[in-house]
Amino acid sequence: MIRNCLRLVSEPTNILINGSSSGFIQNRFFSLTTINLGRGFKQGKSKFGRRGTGDSGQSSLYNNERRWKDDDSFNALGATDELSSFLGVCGASAQNDGEMNDVVETLTRLQCCLQDVGAHLATPPKNSSERKQKKTAFDVSMVEWINAEIDRYGDELPELRQFILSGGGVTSANLQYARAVCRRAERSVVPLIREENIDPMALKFLNRMSDLLFVLGRTACMRNKNEELTYLRPDSFTNMKWDRKSLHDKKK
């Protein structure tokens with residue numbers, strides 16, 4: 001899986017998304033693979049080549065090092081993969097909302113960034129060749145881009161005066177859930193910073209990404225004309241005897 005992801009990054013074919021050029025930063029582009037994967041699964045030397053190489057509980061990093069699947073590296077790779085997958089759910093939900101093409105494109109770009117993050121995590125500097133380290137080096141321009149996106153969407157939102165709860169419509173709730181998944185992915189990378197000399201900017205990217213997902217969740221709520229759910233002290237409603245009265249209704 002790691003090798004295929006890296007080939008996707010290293011052999012780009014420019015495409016269009018939502019009718020506009022998909023240029024990312026400088027010369028970075030979204031890319032589509034031209035590899036014949038055979039029956040929509042994995043590359044192999046034969047009809048069933050290379051399948052089952054992880055059946056014993058171990059798998060390979062990009063540097064060909066075999067490790068147990070509960071190793072910190074694979075925990076981090078799995079967490080970022082889960083995050084990217086759920087961003088696809090968020091993007092599909094936003095697409096159905098309408099008037100959210102810019103959000104859909106931002107989510108797609110985040111998925112592309114996560115592919116590069118995964119490639120970097122799969123190439124621990126201590127045990128990888130200089131060539132492979134250079135090929136999978138973390139691109140700090142991704143952090144600059146994500147900070148700009150936070151400002152771009154944040155400028156459209158009203159000032160936050162209270163803690164808000166996950167909700168405000170399906171897309172908003174999904175994005176807030178993605179934020180929590182992103183936080184878990186961030187935590188999974190911390191051991192690699194300590195033990196594997198992974199670039200700390202990869203951790204910073206995930207930290208800033210969770211902030212962007214929070215802002216996008218609020219954006220989805222606002223554009224879909226839904227109400228943000230705000231935190232109330234429990235002692236303000238426990239005396240209602242849980243009668244299903246809306247927490248947003250004013251007390252009489």
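In this chain, numbering begins with 1 at the start of the sequence shown.
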>> Just by distance, no angles: are the side chains of Thr171 and Asp97 close enough, under 3.5 Å, to form a donor-acceptor pair?
In response: yes
Ignoring hydrogens and angles, tell me if any N or O in the side chain of [X] forms a donor-acceptor pair with the backbone of [Y] under 3.5 Å.
X      : Y      : result
Thr80  : Leu77  : yes
Glu228 : Cys221 : no
Asn224 : Ala220 : yes
Ser210 : Arg183 : no
His120 : Ala137 : no
Arg218 : Pro158 : yes
Ser188 : Ala185 : yes

[X]/[Y] ion pair, N-O < 4.0 Å:
X      : Y      : result
Arg109 : Glu149 : no
Arg161 : Glu159 : yes
Arg223 : Asp102 : yes

> Between Ser166 and Gln176, what is the shortest heavy-atom contact and its length?
Replying inline: OG-CB, 3.6 Å
> Looking at Leu121 and Ala76, what are the two nearest heavy atoms and their distance?
Replying inline: CD1-CB, 4.0 Å
> Any link between Trp145 and Met201 through a network of hydrophobic side chains (Ile, Leu, Val, Met, Phe, Trp, Tyr) touching at under 4.5 Å?
Replying inline: yes
> Within a reach of under 6.0 Å around CZ of Phe86, are more than 12 heavy atoms found that belong to other residues, nucleotides or ligands?
Replying inline: yes
> Around atom CZ of Phe163, are there more than 12 heavy atoms of other residues, nucleotides or ligands at under 6.0 Å?
Replying inline: no
>> Between Leu213 and Leu110, does the side-chain contact (heavy atoms from CB on, under 4.5 Å) criterion hold? Intermediate values first, please.
In response: CA-CA 10 Å; Leu213 291 171; Leu110 287 173; 4.2 Å; yes
